[in-house]
Amino acid sequence: MNFYSSLIARCAHTKSLTTLRTVHTNIIKSGFSYSLLAHKLIDAYIKCGYLAEARKLFDDLPNRHVVTWNSMISSHVSHGKSKEAVEFFGNMLVEGVLPDAYSFSAIFKAFSELGLRRHGQRAHGLAVVLGLEVLDGFVASALVDMYAKFDKMRDAHLVFDRVLEKDVVLFSALIVGYAQHGLYGEALEVFEDMVNRGVKPNEYTLASILISCGNLGDLVNGQLIHGLVVKSGMESVVASQTSLLTMYSRCSMVEDSIKVFNQLDYASQVTWTSFVVGLVHNGREEAAVSIFREMIRCSISPNPFVLSSVLHACSSLAMLAVGEQIHAITMKLGVDGNKYAGAALINLYGKCGNIGKARSVFDVLSELDVVSINSMIYAYAQNGFGHEALQLFERMKKLGLVPNGVTFISLLLACNNAGLVEEGCQIFASIRSNQNIELTRDHFTCMIDLLGRSRRLEEAAMLIQEVRNPDVVLWRTLLNACKIHGEVEMAEKIMRKVLELSPGDGGTHILLTNLYASAGKWNQVIEMKSTIRDLNLKKSPAISWVDVDREVHTFMAGDLSHPRANEIFEMLHKLIEKVKTLGYNPDTRFVLQDLDEEKKRSSLYYHSEKLAIAFALWKTIGRTTTIRIFKNLRVCGDCHSWIKFVSHLTGRDIIARDAKRFHHFKGGLCSCKDYW
DNA sequence: GTAGGGTTAG
């Protein structure tokens with residue numbers, strides 16, 4: 001008996017299941033009544049992680065003691081089998097065995113995991129009746145944790161208050177609860193209380209409290225707690241390090257977060273992830289990509305968090321090639337159906353103008369939610385696919401998902417970029433009647449742009465009246481519409497309004513100058529230019545860039561600085577002569593200087609977007625790849641027409657992303673259907 | 001003889 005007993009104990013200690021089974025068989029063979037050893041066997045099977053066998057023994061056991069019930073309950077909870085744990089708990093009550101502190105501390109977690117709120121409350125009542133609620137720290141902290149997970153922070157705090165001897169775990173459970181509900185100030189208050197009472201925080205407490213400081217942007221407390229981490233010797237604990245790093249990056253102290261990272265002996269997957277996320281948060285996209293690469297080199301498998309984050313970095317830099325590599329990694333890991341990674345991929349392809357690929361990512365998503373559909377609607381919107389965006393909105397409604405503010409902004413943008421005025425008006429009306437969506441300035445701006453550009457200027461002006469504090473952007477949107485339709489008088493009125501709001505607004509002066517120029521009012525142009533000079537307003541220069549073979553080349557108008565300028569200009573001249581025979585006629589209305597016709601024409605020829613395209617075509621002669629160019633301002637009308645001819649002439653697809661949207665040129669046509 | 005809380009994302 002003692003012999004077997006110690007054998008079982010050894011198996012449990014070394015977690016060797018095979019030996020345990022041999023011992024078990026031998027006990028049966030020896031004809032030994034093993035009911036005396038059964039408890040030990042159950043315990044050993046649990047320690048070896050073999051719950052099925054433990055259960056078999058347990059089911060055959062006569063007189064089951066509360067300790068064995070507890071073992072069955074807690075082992076099932078910790079193996080993620082909360083449903084079974086709840087069944088054990090119920091059966092235990094049916095058999096008339098009273099639960100003790102051990103049973104409660106395990107079972108509350110099962111309830112919260114299964115979302116069984118009423119069960120949890122009933123069990124809480126029983127714990128109160130049995131006098132176990134607040135006397136045992138384990139029970140109380142499990143209760144606090146359960147209520148926090150049920151979003152009942154008030155109940156959590158009430159239980160907490162009733163406990164007389166509060167230990168570090170109880171404090172931490174409440175702090176974590178507050179922090180996870182975004183109540184960082186409350187978390188800090190509890191932490192302060194804890195320190196005042198002389199309860200020493202541990203790594204769990206510190207991790208949560210650092211996150212709270214970070215999210216509050218409270219660098220002072222953050223640094224204080226950093227000191228505490230060092231003092232309590234918790235510096236080398238992965239979670240403390242990760243939270244420290246996150247705290248510094250949320251407080252915009254990137255350099256400090258880099259310092260923390262560089263001092264690590266070992267970084268876990270979560271640490272790498274936090275670091276990359278922090279860099280992206282702080283606009284350090286390139287650093288984020290290179291850290292991500294290092295992570296891969298260190299054989300750390302990336303999770304959807306870091307993939308999503310680094311993909312966002314790629315989209316904001318329009319690094320399509322790198323993004324595609326990461327897409328490949330995502331597929332290899334089999335997480336391309338993950339909604340976070342998927343939304344980031346859709347965003348990437350949308351921002352790089354590859355709507356087909358965005359859609360194919362969307363189609364393999366394993367779970368559709370509002371955000372993932374929003375990403376796809378936004379991608380369609382940016383690229384001028386209005387009808388497709390609207391169709392997706394219908395699908396969203398059919399799936400029973402509730403559209404949010406972002407959905408409506410994307411839909412209005414989609415209508416705007418596709419010139420779908422009536423549809424846009426309908427969407428706007430449905431936002432008005434939707435109780436759950438607040439009409440924001442962005443919604444108005446979009447709508448005013450849509451109406452204004454389709455010459456419904458009066459309606460657009462009426463709409464502005466509804467906005468409480470119309471800002472410069474809003475007025476400038478209307479001004480832009482006036483410019484498109486040559487409405488000088490209205491524009492002048494608006495100009496006065498804008499200058500009241502913001503006397504030195506450069507963009508407005510430039511818009512009005514351009515309007516006078518396109519209306520041929522050169523005297524006013526000269527006047528405006530001198531005002532601009534007096535105000536010392538600078539017009540941001542037009543820049544276009546193009547990514548050829550993973551190298552970015554930048555061009556300004558008439559730019560001779562490129563090392564291959566000769567070849568580029570030669571190519572450009574050839575292109576211009578050829579497209580002229582196809583019907584291209586330089587449109588000098590887009591030259592905003594008072595020059596003679598010939599000079600106006602030649603100033604058009606050297607616009608930055610034309611140079612970028614000529615370069616890309618020269619560099620990729622003989623290939624059929626799509627050319628992608630980017631421009632910091634809106635693409636010029638003459639260039640737009642020229643690019644259409646070039647796409648027809650060369651048979652190449654050209655995608656231009658300007659400050660506002662995408663243009664896909666193919667076979668002499670543009671996806672915007674000349675409406676932008 | 002059994003038990004508690006943490007760090008990463010649109």
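Here is how names work: the chains are called A, B, and so on, in the same order as the sequence lines, proteins then strands, and each is numbered from 1. Values in this document were obtained by computation on a predicted structure and should not be read as measured data.
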Checklist entry - If you check the A:Y204 side chain, which of B:dG4, B:dT2, B:dG5 turns out closest? => result B:dG5
Item to check | Those residues of residues 290-320 of chain A lying under 4.0 Å from DNA chain B by at least one heavy atom | outcome: A:N303, A:F305
Next on the checklist: Are A:Y45 and A:H24 an aromatic pair, judged by ring center distance below 6.0 Å?
Outcome noted: yes
Item to check | Sugar-phosphate only, base, or nothing, as touched by A:S240 at under 4.0 Å among non-hydrogen atoms | outcome: base
Checklist entry - A:S372 side chain: which of B:dG10, B:dA3, B:dT2 is closest? => result B:dG10
Next on the checklist: Distance criterion of 3.5 Å, no angle test: do you see the side chain of A:D369 paired donor-to-acceptor with the base of B:dG10?
Outcome noted: yes
Next on the checklist: With a sphere of 6.0 Å drawn around CD of A:E95, does it hold more than 12 non-hydrogen atoms of other residues, nucleotides or ligands?
Outcome noted: yes
Checklist entry - So which nucleotide from B:dT7, B:dG4, B:dA3 ends up closest to the side chain of A:S74? => result B:dA3
Next on the checklist: Of the options B:dA3, B:dT2, B:dT8, whose atoms approach the side-chain atoms of A:N70 most closely?
Outcome noted: B:dT2
Checklist entry - Would you find a donor on one side and an acceptor on the other, under 3.5 Å apart, between the side chain of A:D145 and the backbone of A:S141? => result no
Checklist outcome for this item: Atom CD1 of A:I42 and atom C1' of B:dT2 are separated, to the nearest Å, by 13 Å
Next on the checklist: Please classify the nucleic acid contact of A:G137 as base, sugar-phosphate, or nothing, using heavy-atom distances under 4.0 Å.
Outcome noted: base
Checklist entry - Taking CZ from A:F171 and C1' from B:dG4, how many angstroms apart are they, rounded to a whole number? => result 15 Å
Checklist entry - Sub-3.5 Å donor-acceptor pair from the side chain of A:N374 to the main-chain atoms of A:I377, do we have one? => result no
Item to check | Heavy-atom pair with the smallest gap, counting every atom of A:V277 and A:S309 | outcome: CA-OG, 3.4 Å
Item to check | A:N215 CG to B:dT8 C1', straight-line distance once rounded to whole Å | outcome: 12 Å
Next on the checklist: I need the CG-P distance between A:L348 and B:dG10, as an integer number of Å.
Outcome noted: 15 Å
Checklist entry - Which is true for A:V176 with a 4.0 Å heavy-atom rule: it touches a base, it touches only sugar-phosphate, or it touches nothing? => result sugar-phosphate
Checklist outcome for this item: Closest of B:dA9, B:dT8, B:dA3 to the A:V270 side chain is B:dT8
Checklist entry - Reckon A:K109 has a side-chain N or O less than 4.0 Å from the OP1 or OP2 of B:dA3? => result no
Item to check | Distance in angstrom units between A:L345 CG and B:dG10 C1', rounded | outcome: 13 Å
Item to check | Residue-phosphate contact under 4.0 Å: A:R64 side-chain N/O, B:dG1 OP1/OP2 | outcome: no
Next on the checklist: Any base atoms under 4.0 Å from A:V277, or only sugar-phosphate, or nothing? Heavy atoms, all strands.
Outcome noted: sugar-phosphate
Next on the checklist: If you go through the side-chain atoms of A:T242, does one of them form a donor-acceptor pair with the base of B:dT7 closer than 3.5 Å?
Outcome noted: yes
Next on the checklist: Any side-chain N or O of A:Q180 below 4.0 angstrom from OP1/OP2 of B:dT7?
Outcome noted: yes
Next on the checklist: Please report the distance, rounded to the nearest Å, between CG in A:L143 and C1' in B:dG5.
Outcome noted: 14 Å
Checklist entry - Hey, does A:D136 reach any base, or is it just sugar-phosphate, or nothing, if we go heavy atoms under 4.0 Å? => result base
Checklist outcome for this item: Atom CG of A:L206 and atom P of B:dT7 are separated, to the nearest Å, by 13 Å
Next on the checklist: Looking only at the aromatic ring of each residue, does the gap between the centers of A:F261 and A:W272 stay below 6.0 angstrom?
Outcome noted: yes
Checklist entry - Quick one: does A:N202 reach the base of B:dG5 with a side-chain donor-acceptor pair under 3.5 Å? => result yes
Checklist entry - Is there a donor N/O on one and an acceptor N/O on the other, under 3.5 Å, for the side chain of A:D167 and the base of B:dG4? => result yes
Checklist entry - Taking only residues two or more places apart in sequence, or in another chain, which ones meet A:F58 in a ring pair (Phe, Tyr, Trp, His ring centres under 6.0 Å)? => result A:W69, A:F88
Next on the checklist: Classify A:V77 by what it touches in the nucleic acid, base, sugar-phosphate, or nothing, heavy-atom distance under 4.0 Å.
Outcome noted: nothing
Next on the checklist: To the nearest 0.5 Å, what is the distance between OG1 on A:T19 and CZ on A:R10?
Outcome noted: 9.5 Å
Next on the checklist: Need one value for A:T271: base, sugar-phosphate or nothing, where a base atom within 4.0 Å counts as base even if backbone is also close, heavy atoms only.
Outcome noted: nothing
Checklist entry - Are the ring centres of A:H124 and A:F104 closer than 6.0 Å? => result no
Checklist entry - Hey, would you say the A:Y178 and A:F191 ring centroids sit under 6.0 Å apart? => result no
Checklist entry - Where does the angle between the aromatic ring planes of A:F160 and A:H157 fall among parallel (under 30°), tilted (30 to 60°) and perpendicular (over 60°)? => result perpendicular
Checklist outcome for this item: Residues of residues 327-340 of chain A with a heavy atom under 4.0 Å from any atom of DNA chain B, listed by number, are A:K339, A:Y340
Checklist entry - Between A:M234 (CE) and B:dT7 (P), how many Å, whole number? => result 16 Å
